[in-house]
Each structure stands twice: as structure tokens, then as C-alpha cells.
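Naming convention: chains lettered A, B, ... in sequence-line order (proteins, then strands); numbering from 1 in each chain.
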Protein chains: 2
Amino acid sequence: MTIMTMDSTNGAPQGGSRREATRQKLYEAAVTLIAEQGFSATTVDEIAERAGVAKGTVYYNFASKSVLFEELLRHGVGLLTASLRQAAERSEREGRGRVDALDAMVRAGLVFIDRYPAFTQLYVAELWRTNRAWQSTLLVVRQEAVAVVEGVLREGVATGEFSEEIDVPLTAAALVGMVLVAALDWKSFQPERSLDDVHAALSRLLQGRVSGCR
Amino acid sequence: MTIMTMDSTNGAPQGGSRREATRQKLYEAAVTLIAEQGFSATTVDEIAERAGVAKGTVYYNFASKSVLFEELLRHGVGLLTASLRQAAERSEREGRGRVDALDAMVRAGLVFIDRYPAFTQLYVAELWRTNRAWQSTLLVVRQEAVAVVEGVLREGVATGEFSEEIDVPLTAAALVGMVLVAALDWKSFQPERSLDDVHAALSRLLQGRVSGCR
DNA sequence: GTTTTTGCACTGACCAGTCAGTACAAATAG
DNA sequence: CTATTTGTACTGACTGGTCAGTGCAAAAAC
């Protein structure tokens, strides 16, 4: 399972492309192991073994276990926000309303989780922890993702598509949570269902077609 | 913060009430520490220290670190389901509809999380992990909680209050997720808000008053 | 010839779980 | 009433193992 494709972490040109490939293998190994067992329960030896490299290579490429993890986090959330933003923009370019944009983002979220379930698992598990080294990284990264949803909500309120009484930050968080948890449940407890199926159920909930609408 | 009150673990009479008090202290110490740091990163020494007992006492009262954790989980989720069920029943007894029952459960969920934030944090962080000893415990316990919501949804569909096209298990999971994540966000990122405030925002989302209703 | 990776032995901190022993109250015996 | 035993709850030093991170020489890779 390919976890993520590298574009650029820093301004480094290519050339050292072999290194990038090694890093990639390490990310992939780490993300599944940490998702399954948690950060502390996962050993560097395990990560190296699963990636098929020597332990020394891990430390040649990353300063420490937690630095490896932080870079993993940053990268993964980068992919998610890019995907969300793209979905919202595409919907907008096509001239649909904000409701459709929201729906497109729900779908983009599901597609992401479908492709990178381990990353999602790990993200949820670590997000609300306090007292951890990467807490600040995580906070920034969360804000970026939620901000995309907030943006669409705010625009919708401005254009009158959404009710003015909605609480933008809280509603955005709730929406993200809804998709996250529903998708994780889908993957863990009823993996046979199709993405469209899950998307349809969430759309219905989102558009208030559950409780009838008054 | 009182985490939970004991009733009976086995058929033991009272008399050994001192033991119960110690267990209680250990639960409370463990729940916050594990919520903050995760299971593996939390040491038994830390738990003992925060509880104000010697390490040996932990092992006098629990077979192992993970048994302590499992009992903690079971107890906590027991409290949550009881509270959800009670909310649904109360609403039903008062002859309100299923929409109100759902709303009452959302509120009950928020009240629970407000009272036991650490437990909720810990629960979410561990729920989707695989390959862990307490995986089965967690699964059973999750099903119990979600089942309460599913029950109300199913009744609502039967009485025609909810659309027949809703996907009961998935919608139940999404609702639970929505409340869980919104509440954790509330506690972590905007703790100054009132419960009523958060409840109102979620109610609106639940009743489709966000996207206007068509 | 420079960069990257390998393989492997090693260290030192940390930690789950153990165990011999303490404290003390309540029961039993003398 | 005093002495002894028994059971329960707890203590904290100790052990055996685990694991992040190091050091380094030699091999690939480019």
C-alpha cells in the first residue's frame, strides 16, 4: 500500500533521490506500525525491519524516532488539506453551490481515508493527546485542515446559502469528526461497503434528510 | 474529579471497602495519565505515584497493567451507555418524538464528556487500534454504546419519523462520531464555551438547519 | 571520491512485574 | 485481660528484559 508520494519536504533538489526512496519506505513502514500499535509501542527495529533497511539507515535519515513521526504527520496532513482544498475549488469552479462544495469535501475526505486508512487512524489517535512532543505540530496541522471547511462554511453564510445562526468553528469540527469517525467505522467494522454507499449516507445526514426537515 | 463509583466487582461482601477506595484512586490516576500519554507511554510507577500508593499495590489490586486498563474501559463505557439509555427512555416516557430522543442523547453524550473528558479522550484514541490485547473488550463495549443510538433510529424509521432510506448502523456511527469529535474539540480548543452552546450547534446540524433544507 | 547504506556489537536508561517483609485489625486461645 | 494467630492491604527494593540511540568499518551506489 503506497502511503504517500513525496513532492518536496524542503528546497532540496533531486539528485539525492535514493535517499527519498528510503525515506518513503520508512514512512510507509512507520505509518502502519504506529497506527496498529501506537507510537510508544512501536520500536525503531520493527520499523527498519518492515522497511527492509538497516537500523543505522533510520538514524542516517532522521534525527530520532519522534522526528520521523513528526515529518510523517506533517506530510500526511499536507496531502489531506490539499485534497480538501482541491475538491472545494473544483466544485466552485463548476459553479455549484456551497452545499455541493461541502459534499465534495466529504467525498474527498472519504477518498483520502480509503487510500490512507492507517494514517487516519494514527492521526485520530494522537490528535487529542496532551503533553506530547509533537503536540504543537499536530495543532497547527489540524487547524489547517479544519480551516478549509470553515472557509466554505463562512462563504456559504455570506451568500445566504447557510443559516446565519450556525457556529462556524464548531460546525466545521463536527463535520470533520463525522466524516472521520464514520469512515474509520466503515473501514474497521464494515469494510465490504462501497465508498459511494458511505458517501450517500453521510450526504443524507448532512442535508438533514434524516429527521424529515421541518 | 470523581471518575466512577463502584457497585460490585464480584460477590465480595463489604468489609474490604478499603480496597475499593484504592482501586478508585488507581482508576482516576490511570485514566488521566493514559489519556494524556497513551497506554504504552504511561508507566505503572507513574500511575502508582499519582494515586499515592506503592507500585506493589497496583499489582495487589490488578493482575497487570493491561487488566487495570481493561477494567477501566469496561466501567467507563458502562456509565456512558447507561446515561444514553436513560436519556432516550426519559424522552420517550415524556411522549416526545424520536428526534427529541436523539437530541436528548446528544446532550447526554455532551454531559458525559464534560464530566469525564479524559476517559473520552482515551476511548477515542484506542478504539481503532488493531493488534492490541484489549481489542475485543473495546469492540464489545463500542457496540453496546452505538446500539443504543441504532435502537432509537430504527424506532424512528418504524414510526415514520425518520426517512426509510437512512442507513441505520452507519448513521449511528456518524452521529456518535460527530458528538465525540465536536466535544473533544470543544474541550481542547475552546473550553470557555458552555454546554448549551455546543448542544445548540449540534442540534442545528442534526436537524438539517444548516444547509437550509430542501 | 562522495554519498548512502549495511551489519552488528554495545550502552545506559527505563520499566513491567516480583517478592520478602511491614502494619494492623479482628478473631481465637489461654 | 493478655498473648498468639490469621487474613488483608500495602510497601519498595530488586530483577530481567527491552529499546532508543551510538560507533564504526566495510560495502554499494552514483
Side-chain angles (χ1 to χ4, degrees), chain A residues 6 9-31 33-34 36-73 126 131-134, chain B residues 6 8-34 36-73 126 131-134:
Chain A
M6 264 292 169
T9 318
N10 43 23
Q14 11 64 315
S17 185
R18 186 153 66 107
R19 210 158 171 212
E20 230 32 87
T22 307
R23 282 179 124 105
Q24 201 62 37
K25 282 193 289 181
L26 284 169
Y27 280 147
E28 281 169 40
V31 83
L33 285 169
I34 297 179
E36 279 166 10
Q37 307 176 322
F39 176 80
S40 313
T42 301
T43 69
V44 173
D45 293 87
E46 272 178 316
I47 296 174
E49 195 193 337
R50 171 147 340 170
V53 303
K55 188 180 184 178
T57 307
V58 176
Y59 286 92
Y60 184 76
N61 284 281
F62 298 96
S64 69
K65 184 185 170 186
S66 38
V67 166
L68 162 56
F69 182 57
E70 273 182 72
E71 290 190 16
L72 189 58
L73 276 178
E126 298 292 338
N131 285 354
R132 305 237 77 177
W134 52 81
Chain B
M6 264 294 170
S8 60
T9 318
N10 44 22
Q14 10 63 313
S17 183
R18 169 138 164 258
R19 200 149 181 221
E20 229 34 84
T22 306
R23 283 180 125 104
Q24 201 62 34
K25 282 192 289 180
L26 285 170
Y27 280 145
E28 281 168 41
V31 84
T32 50
L33 284 168
I34 297 180
E36 280 166 10
Q37 309 176 318
F39 176 81
S40 312
T42 301
T43 68
V44 174
D45 292 85
E46 275 177 315
I47 297 174
E49 194 192 338
R50 173 153 331 177
V53 302
K55 187 178 188 176
T57 307
V58 176
Y59 287 93
Y60 182 77
N61 284 282
F62 299 95
S64 69
K65 184 184 168 187
S66 38
V67 166
L68 162 56
F69 183 55
E70 275 183 69
E71 290 189 19
L72 188 58
L73 276 178
E126 298 292 340
N131 286 352
R132 307 236 76 177
W134 53 82

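- Atoms CD (A/E49) and P (D/dA20) sit 13 Å apart, rounded to a whole Å.
- Following rounding to the nearest Å, A/L26 (CG) and C/dT4 (P) show an atom-to-atom distance of 14 Å.
- Considering CZ of A/F69 and CD1 of A/I47, their distance stands at 10.0 Å, rounded to 0.5 Å.
- Atom pair A/R23:CZ and C/dT5:C1' shows a separation of 14 Å (rounding to whole Å applied).
- Contacts of B/K55 classified as salt bridge (Lys or Arg N to Asp or Glu O under 4.0 Å), with partners at least two apart in sequence or in another chain: B/D45.
- Residues passing the side-chain hydrogen bond (donor to acceptor under 3.5 Å, both in side chains) test with B/T42 are B/Q37, sequence neighbours excluded.
- Within the 4.0 angstrom heavy-atom criterion, no nucleotide atom of any strand lies near B/V58.
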Could you run down nucleotides 8-16 of chain C 5' to 3' and tag each one B, S or - for protein heavy-atom contact under 4.0 Å? -------SB
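- Across the protein-nucleic acid pair, A/R19 atom CZ and C/dT2 atom P stand 17 Å apart, rounded to whole Å.
- Between B/Y60 and D/dA9, a side-chain N or O to OP1/OP2 separation shorter than 4.0 Å is present.
- Remark: B/T57 is in phosphate contact with D/dT11, judged by side-chain N or O atoms under 4.0 Å from OP1 or OP2.
- Applying the side chain to side chain contact (heavy atoms under 4.5 Å, CB included) criterion to A/A48, with sequence neighbours excluded, gives A/V53, A/V58.
- Considering only residues two or more places apart in sequence or on other chains, B/E70 meets the side-chain hydrogen bond (donor to acceptor under 3.5 Å, both in side chains) condition with B/T137.
- Comparing B/T22 and A/A63 against DNA chain D, the residue whose closest nucleotide sits nearer the 5' end is B/T22.
- Not a single salt bridge (Lys or Arg N to Asp or Glu O under 4.0 Å) links A/E36 to another residue, sequence neighbours left out.
- Close to D/dC10, at under 4.0 Å from its OP1 or OP2, lies a side-chain N or O of B/N61.
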